[in-house]
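The structure under discussion appears below in the form of structure tokens.
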Amino acid sequence: MTTFSNVKQCLSTIKGIEAQLSTLALQSQDHNAQNAFHESMLIMGEVKNDLQNRSREMKLEEPQYKNS
Amino acid sequence: MPDVAEIVIRSLIFIAVLIIMTKILGKKQISEISFFEYVSGITIGSIAAEVIMGLNRNVGHGVLAITLFAVITLLVDFISLKSKKFRDAVEGKGTIIIKDGKIMEDNLKKEMYSLDEIQSLLRKKDIFNVADVEFAMLEPSGDISALLKKESRPLTPKDLQLKTANEKVPQTIIMDGEIINDAMTASGKDRRWLSTELEKLGVTLENVFLGQVDSYGDLTVDIYDDQINIPSPQQRPLLKAMIKKCQADLEVFALSTESTSAKEMYKKNADKMKEVLKNLEPYLNG
């Protein structure tokens, strides 16, 4: 496994976490829980953006990953 | 033979009267919190028994007496609600038996309770050592209520300064294979959600004996066939594991990359993940 594919994998896991947090925020009955899930979801979005940028950078630096 | 018929008729009449009376008097009578309620409950029962069996007695008199007792009990309850003094007089006040860890001998004598009786009452509360008790009160109902010293009290999350999630009451949305609509609305779910959840578990609605939704929207079901094992909801523990894994991944990336800006970015995000994990910990456990 190359670092690039690892980063890609991590990125998709984070996307999954974000989506699950979003459903939990909607399904929870308790207000505090809703807030906690929602805030965490937003932070996950930030992490996701950073990782996306990084994977784009890596693609530029190492042209052999262009197609992945 | 007419005697038997009369007893049947009287029994039926008094069962009806008693059911109506108990409905009117409500739950308070059952808990028998005060001596007065206890006695009036017994008396109502005795009057009914007496009139049913004593065939020379008038049924109307019996009903009148029961009604009178019920009305007066209700009246007493009502006045008790309004006046504290009346309440203390009729229902009695609790007596302090142990205060600041010391037994109040005078109060014990006044209530005519022996030490053995007090100890037996405390033992019923799983208290064997009187030295553990900070404060104890003999309630009007004859029970004892005891406050343990702080160090002997059961440990709570508050003592450990743990953050815990507040959980709402689980709603029972399926009973005997039928959807309970009130609970459904209370939990904020609809039938479409239910059918997808049931499909995920691989059961049909008719096979579900009991279905409950907890405050996170997880559905747990009990089905008629006890041979089949239904998986319990795993979503939240799984999510916790995923967040942990991502956090560890980010830390590995931070160590392995050579670019300083990327290193910093990974580190910052790993910290963010850690923060998220800390905030969600109470909500993601089991």
Side-chain angles (χ1 to χ4, degrees), chain A, chain B residues 163-171 186-189 193 197 213-219 235-236 238-259 261-284:
Chain A
M1 290 273 261
T2 59
T3 318
F4 182 71
S5 64
N6 280 337
V7 171
K8 276 280 200 187
Q9 202 185 29
C10 186
L11 181 60
S12 47
T13 318
I14 283 177
K15 278 182 190 162
I17 295 173
E18 196 189 3
Q20 279 198 36
L21 284 172
S22 149
T23 45
L24 276 172
L26 288 172
Q27 282 183 350
S28 296
Q29 301 285 311
D30 182 47
H31 199 68
N32 286 336
Q34 278 176 1
N35 276 348
F37 285 130
H38 189 73
E39 271 162 33
S40 307
M41 187 193 83
L42 293 179
I43 296 176
M44 281 299 150
E46 290 168 21
V47 177
K48 186 185 75 181
N49 278 341
D50 277 356
L51 273 189
Q52 249 161 0
N53 289 340
R54 178 65 193 154
S55 84
R56 221 169 288 139
E57 273 171 34
M58 285 169 106
K59 231 185 254 180
L60 286 176
E61 279 165 18
E62 326 242 339
Q64 70 265 35
Y65 298 139
K66 211 170 169 183
N67 295 326
S68 51
Chain B
K163 219 177 112 194
T164 47
N166 185 22
E167 288 202 347
K168 295 267 185 286
V169 193
Q171 296 283 350
S187 61
K189 306 282 180 232
W193 171 86
E197 286 300 305
V213 191
D214 69 6
S215 57
Y216 296 102
D218 284 337
L219 177 73
Q235 193 198 4
R236 282 173 299 122
L238 216 63
L239 182 60
K240 186 177 164 190
M242 266 161 80
I243 296 177
K244 261 187 189 160
K245 179 185 170 284
C246 274
Q247 198 251 341
D249 275 352
L250 286 169
E251 270 172 4
V252 170
F253 297 155
L255 287 176
S256 58
T257 184
E258 269 148 34
S259 139
S261 66
K263 208 182 205 82
E264 230 154 71
M265 185 275 288
Y266 284 136
K267 235 184 219 154
K268 191 185 79 195
N269 284 326
D271 287 345
K272 273 186 192 169
M273 297 290 276
K274 211 184 232 171
E275 189 67 28
V276 165
L277 199 60
K278 210 183 97 198
N279 287 339
L280 287 182
E281 190 98 64
Y283 303 105
L284 292 182

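Quick note: numbers below take in every heavy atom, side chains included, and nothing from hydrogens, waters or symmetry partners. Every chain is numbered from 1 and lettered A, B, ... according to where its sequence line falls, protein lines coming before strand lines. Predicted model, so just to flag it, every value in this text is computed and none were measured.
Contacts of Gln235(B) with chain A are made by both backbone and side-chain atoms, with heavy-atom separations under 4.5 Å. In this structure, no portion of Ser261(B) lies under 4.5 Å from any heavy atom of chain A. Contacts between Ile243(B) and chain A at a heavy-atom distance below 4.5 Å involve backbone atoms as well as side-chain atoms. For a residue to count as touching a neighbouring chain, one of its non-hydrogen atoms must lie under 4.5 Å from one of that chain's; by this rule Ala241(B) does not touch chain A.
Taking NZ from Lys272(B) and CE from Met44(A), the interatomic distance works out to 10.0 Å, rounded to the nearest 0.5 Å. Expressed to the nearest 0.5 Å, how far CE of Met242(B) lies from CD1 of Ile14(A) amounts to 9.5 Å. Rounding to the nearest 0.5 angstrom, the gap separating the CG atom in Leu280(B) from the CD atom in Glu39(A) is 9.5 Å. Atom-to-atom distance recorded for Thr13(A):OG1 and Lys245(B):NZ is 4.5 Å, nearest 0.5 angstrom.
Of all heavy-atom pairs between Asp30(A) and Lys168(B), the closest is OD1-NZ, 3.3 Å. Shortest non-hydrogen contact noted between Gln27(A) and Lys189(B) is O-NZ, 3.5 Å. The nearest pair of heavy atoms linking Ala36(A) to Tyr283(B) is CB-CE1, 3.4 Å.
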**Q.** Pair Val276(B)-Ile17(A), side chain to side chain contact (heavy atoms under 4.5 Å, CB included): steps then yes or no
**A.** CA-CA 11 Å; Val276(B) 165; Ile17(A) 295 173; over 6 Å; no
Q. How far apart are the C-alpha atoms of Arg54(A) and Thr257(B), what are their side-chain angles, what is the distance that settles it, and do they pass the side chain to side chain contact (heavy atoms under 4.5 Å, CB included) test?
A. CA-CA 11 Å; Arg54(A) 178 65 193 154; Thr257(B) 184; 3.6 Å; yes
**Q.** Steps toward side chain to side chain contact (heavy atoms under 4.5 Å, CB included) verdict (Asp50(A), Lys268(B))
**A.** CA-CA 10 Å; Asp50(A) 277 356; Lys268(B) 191 185 79 195; 3.5 Å; yes
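A donor-acceptor pair under 3.5 Å is formed between the side chain of Gln29(A) and the backbone N or O of Ser187(B).
Among Gly217(B), Cys246(B), Pro282(B), the residue with the largest count of heavy-atom pairs under 4.5 Å with chain A is Cys246(B).
Note on ring orientation: taking the six-membered ring where Trp is involved, the planes of Phe37(A) and Tyr216(B) are perpendicular (angle over 60°, cut-offs 30° and 60°).
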